[in-house]
Amino acid sequence: MIARLIGLCFMFTILGGPVFAFGDDAPPWLRQAAALPLPVYNKTVSVVVLADQSTMTVDEDGRVTTVSTYAVRILNREGRGAAIAEDLYDTDMGKVRELKAWLIRPSGQVKNYGKESIIDQAAALNDVYDESRLKKIVALEDVEPGAVFGYQTTSEVRPYFNQSVWYFQGSSPVLSSRITLTLPAGWRANGVTFNHANVEPAVSGSTYTWELHDLSPIETEPASPSWSNLAPRVAINYFAAEGKRLPATKSFDNWTEVSRWYSELADPQAAPDQALASKARELTSGAKSELEKIRAVGRYVQNIQYISIQIGVGRWRPHAAAQVFAKSYGDCKDKANLMRALLKANNIESYPVLIYAGDATYVRDSWASPRQFNHCIVAVKVSDETQAATVITHPKLGRLLIFDATDEDTPLGDLPDHEQGSLALVAAGDAGSLIRMPVIPPESNRLVRDIEASLDVNGSLTAKVRETATGMWASGYRSEFRHEARPAYRARIEGWITSGATAARISRVEPKDDGATGRFDLDVDFTAQGYGQLMQDRLLVFKPAMVSRRESLFLTGAKRQHPIVLDSRALSETSRVKLPPGWEVDELPDAVMLEAPFGSYKTTYEVKNGDLFFSRTMTVRASTIPADQYETVRRFYERIRAAEQSPVVLARK
C-alpha cells in the first residue's frame, strides 16, 4: 500500500467492527493469489501477504487515479488483525470511489463485503479537525486460520506533490509487491530505493513498474533499527512534459528547493504582534544571558497545549504565531513558529527544522521531499557565549541551538533519543539545507545512584536509594512521573525495587522534578526481609547489586538478524552496606573491567571499618553495530549480567 504523509505531527488510529454480506464468488485476481503455494515460515509468522499491487494513473492536469488490490492469508488467530480493508483520503484533495472486500474461507466459501460494510471515519481521532479520513471494511470477527482476505480500492486525488512512496512490505512476508505508474505522453519518472538493493523500474512507454517478490518476514529483535529502516521502499518523483506547468502541485530537484518552499509557508506566520511581543519581554525580563532568554521562551512554548487542526495547506503551513498565542494551543509546527515569533521579539533569529520523529535513520539525503518528515522543531541562531550539547554549526547560518518545543519532557539543551543523529531540514530559504542533528554524549545522559544500606544478622536489608538523573534518563523519569497517576507511579517504582530485592517493602517514594535544569531526583526507602541467605547459620550470602537496572540488559539471543542500535547512556552507582555485627567478609567477587568500542563497564569492591563499598559504572555510546559483530556485544552484556549476580559471602567471626 502507498504510505502518504498527510502533514506534520500527523498520526491515525484504526477502530471499527465488521459488517458483511454473502456474495457469489471472489474476483479472479484474488482466486489466483489464494492458490499460490507458501514457503515454510517460522511459527511466529501470523500472516502472509500474497499480493500487494497498485496502479497510479496521472492525468494531464496532475490528477491521480489509483487502483489497488491486496490479498493476505491468515495463518493463525494472531493474524486476524490483517483482515481490514482501508483507503486513506483527504476531503479537500480527493475521494475513494470504490472499496470492496472478500473473504475466502478454508472451505472455499466466499463472503462479499460491499457498500453496506464500509465505515467512513476521521483518520486522526486526536485532532480537533482534520480533512484526512479513512474508508474501511473490518472482517476480524469472520476470519479463521487458513482464510484469505482481499480487497480492491479505487481512489482519486489531486496531490500537493508530484511524488509518492511505496512500501514493498510491512513486517510480514510478502510473495508479490508491485507499484505501477502510468504518466501522460512526454512525462518522466524516477525512483530511489531504500533498505534494499536498487530496484530498477520496468519501463514501457510512459508506464513505470517497480516490483519485488518473496520478501522474508522482518523479525522483531531487541535494540534493532525501526521497521521503517528495514522494510524496502521506493520513493518516486514524476515530472510533467517540458514546458507544461502544474501550479497546483510541487516538484523538487534538491533540498534547497524544499527549504525555500517551506520558508515561504512558515516565515510570514512568525511575525509577532503587539500582545505577543509584550509577552516575549515579560518572559525574558529576568534573563541575564542569551541562553536564559531562549530557555524561558522554550519552557513557555512547551507548556502550550498540543492541539492539531489539519486543513488544506495547513497540513504544512503553521497558523499565524499571534493566533496560536491568543488561543494558547497548536501542533508541532504551530509551537515551533510561536517560539520563533517570541524569539524574534527578543531580537533572536531562529528557523523551523523539519524532522522525522520516531526513527533517526528514516530521512535520506538522496530524495529531496517534504514527505520524509512528520514533525517540526526549532533551530535558534546563537552566539559563541551559548554553550549546549545541542548546538550544531550550519555551513551558512552558523551556530544553531536545536530544540523540540513540542516534547514537554525534554528541556532546552537536550533532544529526544529518536531525533538525535537524524538528518533534518533547516528551512531558511536559499540558505537552508539538510543537516545532521546533534548526538548527546553519554556524560550528558547520566544517572547517578547512591545507596546507603545495612544488613542485619538475619539477612534483612534496610536501604535508602537516591538517584539523580540528567538528559534522556531524566526525560524518561519525568515522563513517567508526569503522565502516570500516583498509585500507578508508585507501583512502577515498587516493581523496579522488588525485581532486585524480592519481597521488598517500600516506605518512601519521593520524586523531585527540576524541569528548569533538566534534572530529576528520586529518593526511595525500603526494607527486604531475608535479602541475605543464611547457610547453616555459618555463612550469609547476598548480592551487593541490590537494585536492578531501570533499563534492561536485553541482548541474550544466540543469533542476530539486524544491526544493534545503542543509545547514549551513562550510569554511576555507589553502595555502602553496613555489615551485621559478628560477621566478616569471607569472599568477594572479582572486580570487572570491560572495554569495547561502543562502551565500558567497571565494578569495584572494598571493605573498610565494617562496611562494604560496592561501585559499578557503565558508559554506552550511541552506536549502530553490524549484525555480524553481535557476538561481541552479547558477550559484553553477558559479563555485566554475571558481574551483577555475583554474591558476597560473609562468615561468622
Side-chain angles (χ1 to χ4, degrees), residues 42 44 169-171 193-197 215-233 355-366 389-390 392 414-424 435-447 471-473 475-476 548-572 592-603 616-645:
N42 188 291
T44 59
Q169 74 173 130
S171 59
T193 308
F194 302 130
N195 309 327
H196 192 278
L215 299 173
S216 300
I218 298 176
E219 297 181 8
T220 301
E221 294 179 319
S224 68
S226 68
W227 163 83
S228 55
N229 193 37
L230 297 171
R233 67 181 187 269
I355 195 168
Y356 189 91
D359 179 3
T361 59
Y362 183 81
V363 177
R364 311 297 173 86
D365 181 40
S366 54
T390 53
I392 60 173
D414 205 348
L415 270 183
D417 277 340
H418 56 83
E419 296 174 12
Q420 294 182 28
S422 63
L423 287 171
I435 195 166
R436 185 75 61 181
M437 293 294 98
V439 176
I440 310 302
E443 55 269 21
S444 296
N445 288 325
R446 179 171 292 278
L447 176 65
M472 283 296 98
W473 283 108
S475 294
S548 64
R549 297 179 174 277
R550 298 286 293 275
E551 87 288 8
S552 60
L553 298 176
F554 34 69
L555 300 173
T556 57
K559 297 180 180 179
R560 184 80 182 187
Q561 179 181 357
H562 306 309
I564 306 99
V565 180
L566 300 177
D567 293 327
S568 175
R569 290 288 192 275
L571 166 70
S572 176
V592 173
M593 182 176 291
L594 305 177
E595 288 288 344
F598 50 82
S600 61
Y601 179 81
K602 180 181 179 181
T603 63
R616 53 178 170 169
T617 59
M618 182 176 182
T619 299
V620 176
R621 289 175 280 278
S623 311
T624 299
I625 303 160
D628 60 10
Q629 298 178 26
Y630 170 63
E631 187 60 28
T632 299
V633 185
R634 186 169 73 93
R635 284 199 305 268
F636 180 83
Y637 282 99
E638 280 182 346
R639 292 187 64 185
I640 292 174
R641 277 189 292 273
E644 296 181 352
Q645 293 297 316

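Just so it is clear, the values below take in all heavy atoms, side chains as well, and ignore hydrogens, waters and symmetry mates.
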Taking salt bridge (charged side-chain N to carboxylate O under 4.0 Å, His left out) as the test, write out the residues that go with Arg560, two or more places apart.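 For Arg560 the salt bridge (charged side-chain N to carboxylate O under 4.0 Å, His left out) partners, ignoring immediate neighbours, are Glu221.
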Check salt bridge (charged side-chain N to carboxylate O under 4.0 Å, His left out) between Glu638 and all other residues, then give those that pass, not counting sequence neighbours.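 Glu638 satisfies salt bridge (charged side-chain N to carboxylate O under 4.0 Å, His left out) with Arg634 once adjacent residues are dropped.
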Main-chain N/O of Arg621 paired to Ser623 side chain as donor or acceptor, under 3.5 Å: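 Judged by distance alone, yes, a pair lies under 3.5 Å.
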Among Met593, Arg616, Glu644, Met618, side-chain contact (heavy atoms from CB on, under 4.5 Å) partner for Thr603: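 Among Met593, Arg616, Glu644, Met618, the one meeting side-chain contact (heavy atoms from CB on, under 4.5 Å) with Thr603 is Arg616.
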Member of Ser572, Pro441, Ser568 meeting the side-chain contact (heavy atoms from CB on, under 4.5 Å) criterion with Arg446: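 Among the candidates, only Ser572 passes.
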Mind checking the [atom1]-[atom2] spacing from [X] to [Y]? Nearest 0.5 Å is all I need.
X: Thr617; Y: Leu571; atom1: OG1; atom2: CG; result: 8.0 Å
X: Arg635; Y: Arg639; atom1: CZ; atom2: CZ; result: 9.5 Å
X: Thr619; Y: Asn445; atom1: OG1; atom2: CG; result: 11.0 Å
X: Ser228; Y: Tyr362; atom1: OG; atom2: OH; result: 6.5 Å

Taking all non-hydrogen atoms of both residues, which atom of [X] and which atom of [Y] are closest, and how far apart?
X: Pro232; Y: Leu215; value: CG-CD1, 4.3 Å
X: Trp473; Y: Leu447; value: CD1-N, 3.6 Å
X: Tyr630; Y: Gly557; value: OH-O, 2.5 Å
X: Ala622; Y: Val439; value: CB-CG1, 3.8 Å

Who pairs with [X] by side-chain hydrogen bond (donor to acceptor under 3.5 Å, both in side chains), at least two apart in sequence or on another chain?
X: Arg233; value: none
X: Asp365; value: Trp255
X: Thr361; value: Asn229, Asp359
X: Gln645; value: Lys543

Taking only residues two or more places apart in sequence, or in another chain, which ones meet [X] in a side chain to side chain contact (heavy atoms under 4.5 Å, CB included)?
X: Leu230; value: Ile218, Pro225, His562
X: Thr220; value: none
X: Ser366; value: Val192, Phe194, Arg364
X: Asp417; value: Gln420, Met472, Asp567, Arg569

Side chain to side chain, [X] and [Y], heavy atoms closer than 4.5 Å:
X: Asp414; Y: Ser444; value: no
X: Arg436; Y: Leu423; value: yes
X: Ser422; Y: Val363; value: no

Residues which pass ring-ring contact (aromatic ring centres under 6.0 Å, His included) with Phe636, listed by chain and number, not counting sequence neighbours: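 Testing Phe636 for ring-ring contact (aromatic ring centres under 6.0 Å, His included), a comparison that skips the adjacent residues, returns Phe598.
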